[in-house]
Amino acid sequence: RKGSVVITGASSGLGLATAKALAETGKWHVIMACRDFLKAERAAKSAGIAKENYTVMHLDLASLDSVRQFVDNFRQSGRPLDVLVCNAAVYLPTAKEPTFTAEGFELSVGTNHLGHFLLSRLLLEDLNKSDYPSKRLIIVGSITGNTNTLAGNVPPKANLGDLRGLAGGLNGLNSSSMIDGGEFDGAKAYKDSKVCNMLTMQEFHRRYHEETGITFASLYPGCIATTGLFREHIPLFRLLFPPFQKFITKGYVSEDEAGKRLAQVVSEPSLTKSGVYWSWNKNSASFENQLSQEASDAEKARKVWDLSEKLVGLA
Ligand code: NDP
């Protein structure tokens, strides 16, 4: 049978390119888990994804009710879950004030980390039930959360500190809206959320890989300077960022190429190792990359896991 893969945020950028790459093989049915149904349908059509190879299902990661509703709807569809890709993200680098999810969590960490945390925790059961030979749970990471790289050292740097803001609920009322308890900074909140994504993948690996055989992986697909991720940035940045990445840092990848990379992590028989953060070199060959000290801190991963469980109502 065809593989059945859920991709969050498949209505644009990397998620859409991955959906397209997988659908084109004829071996996958893609469930596009998106907050804007019409946009997702249009995106699938204009990418030329054949009707029989995808289904759009509503998911708003900025609402935990919506996450639970999605899980119910998915179960009712009767489809198996073979691979889950947590890809959606928001990036608010120019925001002066924090904005919040339905439950009152700062929007970047609330969407990118907490929404995906609840989703993946609930869907682990469904992955477990699948009889697919290579089951995978993939959480898209980023170099920007990685302070052992050049790009990860552009201020403001990711830093989760002692997690006091996360412990307080990130609500900006009786706690800070930032994980480390500091002043709101949209660019930093995004990087912090990506560190949480990478810590969560490793904690999943430690807790569940042996018992379930599921492959847990993260990746940095390269700098896809043209996606909607930069839509909130100032116009001059959006104009200069793609050529800067193409010609100066040479970290640029097209959406197509990045989609093929993530599709490899979903389906390549050679990429079944669990607990790995994949990257690609200039010749587009994949390799196991090193994470920064904070992004590979097992003690912090456990604390983030425990605090996140409380915030999303699992503990
Ligand atoms: P895009 O902005 O193009 O795509 C993000 C997707 O997330 C969109 O489909 C968006 O939906 C969706 N999304 C946002 N908020 C929600 C929500 N509340 N509920 C459901 N879906 C939501 O960005 P990219 O494709 O660049 O980003 C994809 C992933 O790649 C992210 O995890 C990002 O961190 C990562 N990444 C990107 C890099 C880059 O250079 N672009 C580099 C490294 C990592 P909608 O279409 O409705 O807005």
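Just so you know, ligand 1 is whichever comes first in the structure, and atom 1 is the first atom listed for that ligand.
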Open item on the list: Can you name the atoms of ligand 1, numbered from 1 with element, that are less than 4.0 Å from a heavy atom of Val90?
Closed with: 14 (C), 15 (N)
Task: Residue that, paired with Glu309, satisfies salt bridge (charged side-chain N to carboxylate O under 4.0 Å, His left out) out of Lys303, Arg121, Arg302 - done: Arg121
Open item on the list: How close do Tyr190 and Ala89 get, counting heavy atoms only, and between which atoms?
Closed with: CE1-CB, 4.4 Å
Open item on the list: Could you identify the single nearest non-hydrogen protein atom to atom 6 (C) of ligand 1 and state the distance to 0.1 Å?
Closed with: Gly9 O, 3.7 Å
Task: ligand 1 contact by Asn87, heavy-atom criterion under 4.0 angstrom - done: yes
Task: Enumerated ligand 1 atoms positioned under 4.0 Å from heavy atoms of Ala62 - done: 18 (N)
Task: Heavy atom of the protein closest to atom 18 (N) of ligand 1 (residue, atom name, distance) - done: Asp60 OD1, 2.9 Å
TODO: Check if Gly141 has a non-hydrogen atom at a distance under 4.0 Å from any atom of ligand 1.
DONE: yes
- [ ] Determine the minimum heavy-atom distance between Ala62 and Thr101, stating which atoms define it.
- [x] O-CB, 3.2 Å
Open item on the list: So for Gly115, does at least one of its heavy atoms come nearer than 4.0 angstrom to any atom of ligand 1?
Closed with: no
Task: Expected output: side-chain Thr111 to main-chain Ser108 donor-acceptor under 3.5 Å - done: no
Open item on the list: Can you report which non-hydrogen protein atom sits closest to atom 27 (O) of ligand 1, along with the distance?
Closed with: Leu229 CD1, 4.2 Å
Task: Aromatic ring pairing Phe230/Tyr91, orientation class (parallel under 30°, perpendicular over 60°, tilted between) - done: perpendicular
- [ ] Search all heavy atoms of Leu64 against all heavy atoms of Leu311 and return the closest pair with its distance.
- [x] CD1-O, 4.1 Å
TODO: Would you tell me which option among Phe230, Phe241, Tyr190, Tyr220 has the nearest heavy-atom contact to atom 36 (N) of ligand 1?
DONE: Tyr190
- [ ] Before signing off on this row, confirm whether Leu61 and ligand 1 have an N or O atom pair separated by under 3.5 Å.
- [x] yes
Task: Atoms of ligand 1 close to Lys194 [distance to a heavy atom under 4.0 angstrom, numbered from 1] - done: 31 (C), 32 (O), 33 (C), 34 (O)
Open item on the list: Judged on heavy-atom distance to atom 10 (C) of ligand 1, which of Arg35, His116, Lys191 sits nearest?
Closed with: Arg35
Open item on the list: Show the atoms of ligand 1 that are less than 4.0 angstrom away from any heavy atom in Gly13.
Closed with: 3 (O), 25 (O)
Open item on the list: Closer than 3.5 angstrom, by distance alone: can the side chain of Thr8 be matched with the main-chain N or O of Ala88 as a donor-acceptor pair?
Closed with: yes
Task: Flag, side chain of Glu294 to backbone of Leu160, donor-acceptor distance under 3.5 Å - done: yes
Open item on the list: In terms of relative ring orientation, are Phe70 and Phe74 parallel, tilted or perpendicular, with 30° and 60° separating the classes?
Closed with: parallel
Open item on the list: Please give me the minimum heavy-atom distance between Ser4 and Arg79, naming the atom from each residue.
Closed with: OG-CB, 4.2 Å
Task: Close aromatic pair by centroid cut-off 6.0 Å: Trp305 and Phe117 - done: yes
Open item on the list: My understanding is that we take every heavy atom of each candidate and find the minimum distance to atom 2 (O) of ligand 1. Doing that for Arg231, His58, Met32, which one comes out nearest?
Closed with: Arg231
Task: Closest approach of any protein heavy atom to atom 24 (P) of ligand 1, naming residue and atom - done: Thr227 OG1, 3.5 Å
TODO: Please identify which atoms of ligand 1 are closer than 4.0 Å to at least one heavy atom of Ser142.
DONE: 43 (C), 44 (C)
- [ ] Measure Leu59 to ligand 1 on non-hydrogen atoms and call it side chain, backbone, both or neither using the 4.0 Å cut-off.
- [x] backbone
Task: Where Arg1 and Asp131 come nearest, the two heavy atoms and their spacing - done: NH2-OD1, 2.7 Å
Task: Taking atom 35 (C) of ligand 1 as the reference point, the nearest protein heavy atom with its distance - done: Val140 CG1, 3.6 Å
Task: Least distance between heavy atoms, Gly141 atom then Ser218 atom - done: N-OG, 3.3 Å
Open item on the list: Please compare Cys34, Gly15, Ser12, Ser63 and report which has the shortest non-hydrogen distance to atom 3 (O) of ligand 1.
Closed with: Ser12
TODO: May I ask you to check whether Ala89 has an N/O atom sitting below 3.5 Å from an N/O atom of ligand 1?
DONE: yes
Task: Structural part of Ile224 in contact with ligand 1, heavy atom criterion under 4.0 angstrom - done: both
TODO: Quick one: look up the protein heavy atom nearest atom 9 (O) of ligand 1 and list residue, atom name and how far away it is.
DONE: Ser11 OG, 2.8 Å
TODO: With heavy atoms of Lys39 as the reference, note each atom of ligand 1 found under 4.0 Å away.
DONE: 45 (P), 46 (O), 48 (O)
Open item on the list: I'd like to know if Asp180 pairs up with Lys188 as an ion pair, taking the criterion as any Lys NZ or Arg NE/NH1/NH2 lying under 4.0 Å from an Asp or Glu carboxylate oxygen.
Closed with: yes
TODO: Find all atoms of ligand 1 within a distance of less than 4.0 Å from any non-hydrogen atom belonging to Cys223, and give their numbers and elements.
DONE: 40 (O)
TODO: Could you check atom 21 (N) of ligand 1 against the protein and tell me its nearest heavy-atom contact, residue, atom and distance included?
DONE: Ala88 CB, 3.6 Å
Task: Phe216 and Trp278 aromatic centres sub-6.0 Å - done: no
Open item on the list: For atom 42 (C) of ligand 1, what's the nearest protein heavy-atom neighbour? Residue, atom name and distance, please.
Closed with: Gly222 O, 3.5 Å
